Amino acid sequence: MALAVTLSIAGCSEEGPVEHPTAIQGGPKTSTETLSPALNDPQSLGNQTMKDEVRIRLKDEPRLQAPVATLVAPTKQQFTLEFCEAVDRASVEAALLEQAKQYTEKEGAFGDGIVPSFDFRWVTDRKLDLTVGEITLPEPAFHSYQLSVSGAKTKSGRTLGETPSFKGVVERPNQLWKMSVDGKSSEPLTSFDQPYGIEMLDESGKFLLLSRTTHYCQCDAPFEGIYTVYDVQDKKFIPYPNKLMTRYMGSGNFVADRRGFFYEQPEQGIEIPASETAVAVRLNDYVHGANFSKDRTRLIMAVGVREQERDLDLLVLDLKSGKEQRLSKALVGSVPFNQTHAGRWPVDFEDDGERVYVSMDVDTGHEKRYVYTWKTGKLGPLNLPLPRDYWGGFTQTTDGAYQFYYNAGIYKGAVRISEDTRGDGEWISGTHLLLRMQENPDAPKDSAYNRDLIVFDADKRSERKLASGVWSGASVAGSSPDGKWIYLISGKQLIQP
């Protein structure tokens with residue numbers, strides 16, 4: 001559906017038809033045919049007054065607009081610069097080069113600031129198509145650049161003051177890979193040309209949640225981003241104009257999409273891609289945490305009022321029938337807080353298909369652990385074979401025979417069978433094999449392929465090396481339901497070529 005849209009830019013007009021994907025507002029209708037990762041006219045840009053002298057946007061992803069600091073690929077990147085009034089072209093080109101140079105001298109640059117090559121293609125005196133040339137990087141490397149036109153002049157001779165800048169932190173794109181469980185074969189399942197954050201939405205790897213942040217730092221701060229759902233089989237990008245979450249926290253008026261994500265019901269006028277798997281949820285409560293059941297047919301939630309910080313209701317909602325089960329103030333304890341950034345975390349639920357595990361904080365700094373059983377519909381205390389002051393985070397085999405406690409090792413019920421295995425790990429579906437990464441002490445110090453992929457066989461109490469020379473930034477994303485394939489997130493090369 002093509003609509004004629006005019007953007008108001010501080011009294012300046014920008015004309016031309018802009019395509020909008022067919023959309024719905026939080027309910028199932030005919031699926032949209034969105035083939036690009038970009039929203040050609042994001043709602044945040046439509047029919048608005050531009051307060052700044054210039055708008056700098058990434059051409060293939062206009063949702064990324066200055067002021068912004070985000071990851072960009074080292075390949076050629078195209079940007080669009082739109083000015084409020086006609087400008088002196090030579091002064092703009094000079095300002096871009098000068099501001100890029102000044103950025104390399106600032107202490108606040110991300111990594112090593114660089115001055116990239118620029119190719120200027122003027123459309124009019126108010127619009128510039130700018131190409132940043134390919135950047136050749138050694139591995140490992142950390143570089144960034146800045147696009148700014150501060151100090152440029154208009155046609156009337158006026159000098160532009162401080163203008164919004166676009167900071168690009170250079171990073172090679174990651175891909176989703178699959179590897180056979182014997183380690184003998186591997187292949188990439190995606191070929192992204194931009195550096196997305198990648199999260200699997202389902203065990204089969206059919207859908208991915210892609211994200212790009214609008215702020216950047218070398219920290220774990222929860223910055224806002226832009227989100228896209230990617231269909232791996234159909235190679236289709238489905239961009240969303242709002243925040244998507246795999247664990248929900250927020251208003252009781254939200255949408256649960258059974259592909260594996262949530263979002264708050266958007267304001268009227270914001271268009272959302274159509275989805276036959278989207279279910280609108282309307283509660284009078286504030287949701288302090290919500291997750292899908294393992295089969296995606298129900299939601300299990302911690303609810304209360306927005307200001308409430310402890311002793312929440314447990315609410316189970318059947319997404320098909322709408323039937324609710326509420327256990328009033330059953331979750332005794334405090335909601336989890338992010339100690340670093342003074343914000344709340346969503347209460348998290350983990351479902352193994354028969355039981356759901358959840359914990360609340362207590363005043364002593366420890367956890368109050370609970371287990372909800374689907375068959376009985378009852379919530380009770382969860383007793384783990386760990387000291388009370390230990391964090392109880394764990395993952396277990398499909399049949400529940402073995403547990404891997406991240407801080408305590410591998411257990412079979414109450415018996416610890418391996419104390420040395422700690423940190424991150426993932427059980428391969430349907431097996432008793434624990435998959436994890438570890439550094440190879442024999443790898444060269446400057447090598448980017450310095451990790452080994454290790455499998456621990458819980459039955460045999462032994463481990464073996466599945467692959468050597470794995471890229472240092474690789475991570476385990478999961479395994480196929482039949483246990484034949486391992487999913488990993490890595491760069492262009494998973495194993496050292």
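The structure displayed is predicted, hence computed values, not measured ones. In what follows, residues are counted from 1 in the order of the sequence shown.
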Taking all heavy atoms of [X] and all of [Y], pick out the closest pair and write down the distance.
| X | Y | answer |
| --- | --- | --- |
| S429 | S480 | CB-O, 3.3 Å |
| M360 | G333 | CE-O, 3.5 Å |
| L176 | A477 | CD1-CB, 4.5 Å |
| W427 | Q396 | CD1-C, 3.3 Å |

As an exercise, state the distance from [atom1] of [X] to [atom2] of [Y], rounded to the nearest 0.5 Å.
| X | Y | atom1 | atom2 | value |
| --- | --- | --- | --- | --- |
| L71 | F110 | CG | CZ | 10.0 Å |
| K178 | T190 | NZ | OG1 | 12.5 Å |
| I300 | S293 | CD1 | OG | 9.0 Å |
| E199 | L244 | CD | CG | 10.5 Å |
| L64 | K59 | CG | NZ | 15.5 Å |
| Y372 | E354 | OH | CD | 14.0 Å |

Any donor-acceptor pair under 3.5 Å linking the side chain of [X] with the backbone of [Y]?
| X | Y | answer |
| --- | --- | --- |
| D351 | G353 | yes |
| R436 | I454 | no |
| Q308 | V305 | yes |
| T397 | A401 | yes |
| D457 | S462 | no |
| S180 | K184 | yes |
| S144 | G168 | no |
| S359 | R369 | no |
| T376 | K378 | yes |
| Q403 | G400 | yes |

| Cation-aromatic face contact R298/F292, 6.0 Å, 45 degrees | no
| task | Examine R259 relative to F207 and say whether NZ or CZ is less than 6.0 Å from the centre of the six-membered ring and inside a 45° cone about the ring axis. | result | yes
| query | Can Q175 and Q493 be said to form a side chain to side chain donor-acceptor pair (under 3.5 Å), step by step? | reply | CA-CA 9 Å; Q175 310 298 338; Q493 297 291 339; over 6 Å; no
Less than 6.0 Å separating the ring centroids of [X] and [Y]?
| X | Y | value |
| --- | --- | --- |
| Y487 | W485 | no |
| Y390 | Y405 | no |
| Y406 | F404 | yes |
| F254 | Y248 | yes |

| message | Can a side-chain donor-acceptor contact be found between K445 and S447 if the only test is distance below 3.5 angstrom? | response | no
| said: If only side-chain N and O atoms count, and only distance matters, is there a donor-acceptor pair under 3.5 Å linking S251 with N253? | reply: no
| task | May I ask you to decide if the ring planes of F394 and Y357 are parallel, tilted or perpendicular, using 30° and 60° as cut-offs? | result | perpendicular
| Geometric class of the Y263/Y240 ring pair [parallel <30°, tilted 30-60°, perpendicular >60°] | tilted
| Step by step, would you call R451 with S475 a side chain to side chain donor-acceptor pair (under 3.5 Å)? | CA-CA 10 Å; R451 305 186 80 190; S475 60; over 6 Å; no
| task | Could you go through the side chain to side chain donor-acceptor pair (under 3.5 Å) check for D257 and S275 one step at a time? | result | CA-CA 8 Å; D257 193 302; S275 171; 2.8 Å; yes
If you measure from the Lys or Arg side-chain nitrogens to the Asp or Glu carboxylate oxygens, is any gap between [X] and [Y] under 4.0 Å?
| X | Y | result |
| --- | --- | --- |
| K294 | E203 | yes |
| R326 | D285 | yes |
| R344 | E309 | yes |
| D311 | K329 | no |

| query | Counting only heavy atoms not in D234, do more than 12 fall under 6.0 Å of its CG? | reply | yes
| message | With heavy-atom distances below 4.5 Å as the criterion, would you say the side chains of I428 and T398 are in contact? | response | no
| query | Is there side-chain contact between V169 and V72, with heavy atoms separated by less than 4.5 Å? | reply | no
| Yes or no on side chain to side chain donor-acceptor pair (under 3.5 Å) for D389 and H366, after CA distance, side-chain angles and deciding distance? | CA-CA 6 Å; D389 58 347; H366 302 153; 5.3 Å; no
| field | Residue that, paired with E324, satisfies side-chain contact (heavy atoms from CB on, under 4.5 Å) out of L283, V316, D318 | value | L283
| message | Please identify which of these residues, N291, L317, D313, meets the side-chain contact (heavy atoms from CB on, under 4.5 Å) condition with M301. | response | L317
